[in-house]
Every structure is written in structure tokens, then in C-alpha cells.
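Quick note on labels: first sequence line is chain A, next is B, and so on, each numbered from 1.
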There are 2 protein chains.
Amino acid sequence: MPRWESGSAERLTRIAMELFAEKGFEETSVVEIAKRARVTTRTFFRYFPDKREVLFAESDGLRAALVERIRQAPDDEPLAVVLGALAGFDWDTLGREAQRQRHAVIAANPELLERDLSKQNDIAVAFTDALQQRGVDAAVARLTSRVGLQVFGVAYERWLSAGDADLAGIVAETMALLSRTASARAG
Amino acid sequence: MPRWESGSAERLTRIAMELFAEKGFEETSVVEIAKRARVTTRTFFRYFPDKREVLFAESDGLRAALVERIRQAPDDEPLAVVLGALAGFDWDTLGREAQRQRHAVIAANPELLERDLSKQNDIAVAFTDALQQRGVDAAVARLTSRVGLQVFGVAYERWLSAGDADLAGIVAETMALLSRTASARAG
DNA sequence: CCGATGATGTCGCGTCGTGACATCACCATA
DNA sequence: TATGGTGATGTCACGACGCGACATCATCGG
């Protein structure tokens with residue numbers, strides 16, 4: 001039999017999530033998380049570069065999957081490509097309720113929100129790169145990646161709080177909302 | 001004569017900026033900044049809640065000034081109001097070269113970039129609130145604040161790296177770029 | 001049976017950030 | 001002039017974060 005229990009990373013993420021939800025992020029120490037997971041804090045930091053990152057373990061994979069969708073997307077206008085990649089992704093496989101709880105934990109803490117914004121930015125940068133590889137002009141790629149992610153972000157939050165609405169539908173509505181005012185010029 | 005030199009906060013920000021530019025953010029400790037400013041680290045943390053914040057001392061004032069511009073803006077479409085407030089602000093008073101250097105320091109460090117994104121988000125939230133007080137629908141306010149800030153952000157970066165171009169002009173161009181593709185629908 | 005591998009533990013350390021209390025120039029006021 | 005308040009700073013102690021270096025030991029291939 002193994003010297004230690006296996007699945008330390010999984011155990012750490014699960015326990016951290018629970019504790020953050022129970023008593024908040026700042027009030028939970030790494031020592032406490034590690035203790036409950038029956039490892040040392042040193043082991044915690046071997047799996048996660050810092051305390052916040054324990055809530056973003058899947059973000060690399062998610063970003064890669066989304067970028068892949070950009071690459072595979074049929075030829076279309078850049079903004080449509082970005083929104084299509086985001087809206088077409090099967091978010092339900094991540095668990096709607098899990099995403100709701102995760103979102104609540106993050107929104108409740110400025111440090112976590114900050115990290116979340118950073119991850120979104122990473123996605124935007126990766127999108128920009130992918131679009132350019134598809135031949136999109138650099139300036140257009142930067143702009144559409146960032147704007148597209150904001151449009152999707154607004155829609156996503158509405159989807160999370162909504163009962164059972166279709167995400168793609170909400171994204172389309174949100175985009176329509178923008179189109180209506182996007183002809184505006186700076187004063 | 002005073003027991004201590006006055007202007008500790010100003011001294012700390014200036015020295016911190018210098019050190020971050022010289023040897024990077026992570027490689028500079030608060031002890032070092034405080035030592036050069038001839039105060040204790042305890043004093044540093046009385047002025048700034050954490051090490052990063054020393055580079056964002058003016059952000060509260062900037063946000064307030066921008067929100068005020070939203071409030072005073074003539075009646076127009078929400079996105080135009082947001083872009084007008086941002087593009088019309090007199091950024092040159094902050095010192096073009098100073099902004100360039102600050103931007104470089106921030107871009108060179110993930111922790112600072114993260115904090116910067118958080119500050120931009122604070123502005124977006126404040127804009128959303130201000131727009132709603134002008135009677136704009138909540139969903140539209142959220143969307144236009146966030147999208148407007150991204151459009152401006154792209155333009156601003158171009159303005160910083162540009163020689164002498166007019167910011168308002170770049171913003172208008174960037175917005176035109178978006179309008180051209182904003183009629184796209186999510187696939 | 002043995003040596004390599006890999007996950008974990010142990011130890012020590014520097015940095016970050018805070019609470020509590022002490023100090024002391026300055027200022028108002030009696 | 002004396003007295004007491006105010007505000008900026010210092011001092012001290014402390015817990016939490018995060019990392020480098022090295023030790024341990026089950027497992028696995030040869």
C-alpha cells in the first residue's frame with residue numbers, strides 16, 4: 001500500500017473550496033487547508049504556486065480548449081469567431097451549480113476577483129494570438145478578443161443567475177444590445 | 001524644526017517607482033524602499049495597504065474624476081457617454097512620459113498587471129453605477145461600461161506608444177473598427 | 001536485489017502585513 | 001508659561017506566505 005494517500009491535489013482543491021465557502025478566503029490559512037488534507041503546507045505549495053491559485057487549477061485547460069475552438073472556427077468576422085468559441089463551449093460539463101458556487105466565492109473576495117480578472121486577461125491575450133494566426137489584423141484581434149470576452153462575461157453572469165436559460169441565446173441577446181449602440185462615436 | 005522629514009508618501013512612491021524600474025517589482029523589498037525613504041516599513045504600510053498599491057496611489061482620484069465626467073456628460077447613447085468621458089479627459093496632465101514608464105513597469109510584472117486590471121474593473125463598476133443613475137438600463141450600463149473601457153484601453157495603449165497622435169482621434173478610430181464588426185452574431 | 005524515480009516530509013529562512021503601545025514635535029488654550 | 005491634545009512616526013512581537021535544500025521511503029524496472 002502507498003506510503004501516502006493519493007490524489008493530494010484533488011483533496012486540496014476540494015477542501016480549500018469548502019473552507020473558502022464556509023469562512024471566507026482570508027480567514028482560511030494554508031496551514032489549515034493542508035492540515036485537513038493531511039499533507040504539509042510545503043506540499044500545498046508544490047501543487048499551487050500560491051494560495052489563490054487553488055481555485056484556478058482548471059483555468060489552463062479551459063483556456064487551451066477555448067483557444068482550440070478559435071483555431072477550428074469556420075471563417076467569419078473576428079468578433080463572431082470569438083463569441084462563437086465562447087458561447088459554443090459546453091459549459092454545462094463543468095457543472096452549473098459548481099460554477100455558481102465558485103463564482104460566489106470569487107465574487108466575495110477582492111483578492112480572488114483580482115486573480116480571476118487576470119485569468120480572463122490571459123484568455124484575451126491567447127485569443128488575440130490565435131486570431132492573428134488566422135490572419136486577422138493585430139489591432140482588430142486585440143480589440144475583438146477583449147470586447148468579445150466582456151460581452152460574453154456579461155452574458156455568462158446572467159446565465160449563472162438565470163434558472164435554465166440557454167447561454168448561446170443570452171450571448172446573442174447581449175451582442176444585439178451592444179450592436180444597437182455600437183455605432184456611437186466618441187464625443 | 002520638524003522631528004521627521006515631511007512628504008513621506010511622495011518620497012515612498014517616487015523611490016518605489018525608481019527601484020521597480022531598476023531591478024523589478026519582486027526583487028525590491030518593502031524594507032529596501034522604506035530604508036531609502038528614511039522611514040520604517042511600518043510607516044510604509046500606514047500609507048499603502050500593500051506593496052503593489054504604492055503604484056496606484058492616484059487611482060482613486062482618477063476614478064472619481066472620470067465618474068464625474070460621466071455624470072456631467074450631455075445626453076447621448078451610453079457607449080458614447082463612456083467613451084466621451086474617457087477620451088475627453090486631459091491625460092496629458094498626468095505626464096505622458098510618466099505614464100509610459102508606469103505602464104512599462106506594470107506590464108513587466110504579473111502581480112502589478114493583476115492589480116491594474118482590478119483597478120480598471122473598479123472603474124467599470126463605478127461607471128455602471130453612474131450610468132444607472134442617469135437612467136440607463138442596468139444590463140446596458142454593465143455592458144457599455146465594460147466594453148467602453150476595453151475600447152478605450154486598446155486606444156490608450158496605442159496612444160502611449162504613438163509619437164504624438166491625438167488620443168480622442170485614436171479612440172474614434174478604434175470605435176470605428178469595432179462598429180465595423182459589431183453587427184456580428186454569435187454562432 | 002538494487003538503483004532510479006517521484007511524492008512527500010523537515011527545516012530554516014526572508015518577506016509581507018498588522019495590532020498594540022511608546023515617543024515626541026507642534027499647537028491651542030488657559 | 002504651563003498643560004494637555006493631536007498626529008506622524010518608531011518599536012516590538014507576531015502570524016501567514018512562499019521557497020530552497022536536503023532527507024525519507026514506497027514503488028518499479030532491470
Side-chain angles (χ1 to χ4, degrees), chain A residues 1-20 22-57 59 105-106 108-116 118-119, chain B residues 1-20 22-57 59 105-106 108-116 118-119:
Chain A
M1 48 200 63
R3 188 168 165 205
W4 298 281
E5 310 173 56
S6 61
S8 294
E10 188 280 329
R11 234 178 320 135
L12 284 165
T13 54
R14 185 171 38 77
I15 290 172
M17 182 72 185
E18 289 169 10
L19 287 173
F20 293 167
E22 274 175 35
K23 23 181 285 183
F25 176 79
E26 299 197 51
E27 291 68 30
T28 305
S29 76
V30 173
V31 173
E32 192 177 352
I33 299 170
K35 196 159 287 178
R36 281 218 207 177
R38 294 176 298 281
V39 294
T40 61
T41 70
R42 194 68 186 83
T43 292
F44 178 95
F45 287 113
R46 283 196 179 99
Y47 283 105
F48 310 102
D50 65 51
K51 182 180 162 189
R52 302 181 225 174
E53 207 65 17
V54 71
L55 276 188
F56 297 89
S59 81
V105 168
I106 290 173
N109 190 278
E111 289 184 64
L112 291 174
L113 186 53
E114 199 172 59
R115 178 58 53 87
D116 197 52
S118 177
K119 295 298 184 183
Chain B
M1 45 200 65
R3 189 167 165 206
W4 298 282
E5 311 172 55
S6 62
S8 294
E10 188 280 330
R11 231 162 48 242
L12 284 165
T13 54
R14 185 171 38 77
I15 290 172
M17 182 73 185
E18 289 169 11
L19 288 173
F20 293 168
E22 273 176 35
K23 23 180 285 183
F25 176 79
E26 300 196 51
E27 292 68 30
T28 305
S29 76
V30 173
V31 173
E32 192 176 352
I33 299 170
K35 197 159 287 177
R36 281 217 205 175
R38 294 175 298 281
V39 295
T40 61
T41 69
R42 193 67 185 86
T43 291
F44 178 95
F45 287 114
R46 283 197 180 97
Y47 284 105
F48 310 102
D50 66 52
K51 182 179 161 190
R52 301 180 225 174
E53 207 65 19
V54 71
L55 276 188
F56 298 89
S59 80
V105 168
I106 290 173
N109 190 278
E111 289 184 64
L112 291 174
L113 186 53
E114 199 172 60
R115 178 59 51 88
D116 196 52
S118 177
K119 296 297 185 185

Q: From the options C:dG17, C:dG9, C:dT15, select the nucleotide whose nearest atom is closest to the side chain of B:Ser29.
A: C:dT15
Q) Tell me: CZ of A:Arg52 to P of C:dC16, nearest whole Å? A) 14 Å
(Q) Tell me which one of A:Ile33, A:Leu55, A:Leu12 satisfies side chain to side chain contact (heavy atoms under 4.5 Å, CB included) with A:Phe48. (A) A:Leu12
Q | Lys/Arg-Asp/Glu bridge criterion (N-O < 4.0 Å) met for B:Lys119, B:Glu53 | A | yes
Q.
On DNA chain D, compare the nucleotides closest to A:Phe44 and B:Thr43; which residue's is nearer the 5' end?
A. B:Thr43
Q | Closest to the A:Phe45 side chain, choosing from C:dT8, D:dG10, D:dC19 | A | D:dC19
Q: Please report, rounded to the nearest Å, how far the C1' atom of D:dC17 is from the CD atom of B:Glu111.
A: 12 Å
(Q) If we count only N and O atoms by modelled type, under 3.5 Å, do the side chains of A:Ser118 and A:Arg115 hold a donor and an acceptor together? (A) no
Q) Does the distance from a Lys or Arg side-chain N to an Asp or Glu carboxylate O, for B:Arg52 and B:Glu114, drop under 4.0 Å? A) yes
Q) Taking atom types as they are modelled, is there a donor-acceptor pair under 3.5 Å from the base of D:dG18 to the side chain of A:Arg46? A) no
Q: Determine: side-chain N/O of A:Tyr47 to OP1/OP2 of C:dA7, distance under 4.0 Å, yes or no.
A: no
(Q) Whole angstroms only, please: what is the CG-P distance between B:Leu19 and C:dT15? (A) 14 Å
Q) Please give, in whole Å, the distance from C:dG14 P to B:Lys51 NZ? A) 16 Å
(Q) Heavy atoms from C-beta onward define the side chain here; which of C:dG9, D:dG20, D:dA8 lies closest to that of A:Arg42? (A) D:dG20
Q.
Between P on C:dC16 and NZ on B:Lys35, what's the gap in Å once rounded to a whole number?
A. 12 Å
Q) Within this structure, what is the CD-to-C1' distance between B:Glu53 and C:dT18, rounded to whole angstrom? A) 17 Å
Q: For A:Asp50 and C:dC16, give me the distance from atom CG to atom P, rounded to whole Å.
A: 15 Å
Q) With a non-hydrogen cut-off below 4.0 angstrom, is A:Thr40 in contact with a base, only sugar-phosphate, or nothing? A) base
Q.
Any base atoms under 4.0 Å from B:Thr41, or only sugar-phosphate, or nothing? Heavy atoms, all strands.
A. nothing
Q: Give the rounded distance in Å between these two atoms: CD1 of A:Ile33 and P of D:dG18.
A: 10 Å
Q) So does B:Lys23 have more than 12 non-hydrogen atoms from other groups sitting under 6.0 Å from NZ? A) yes
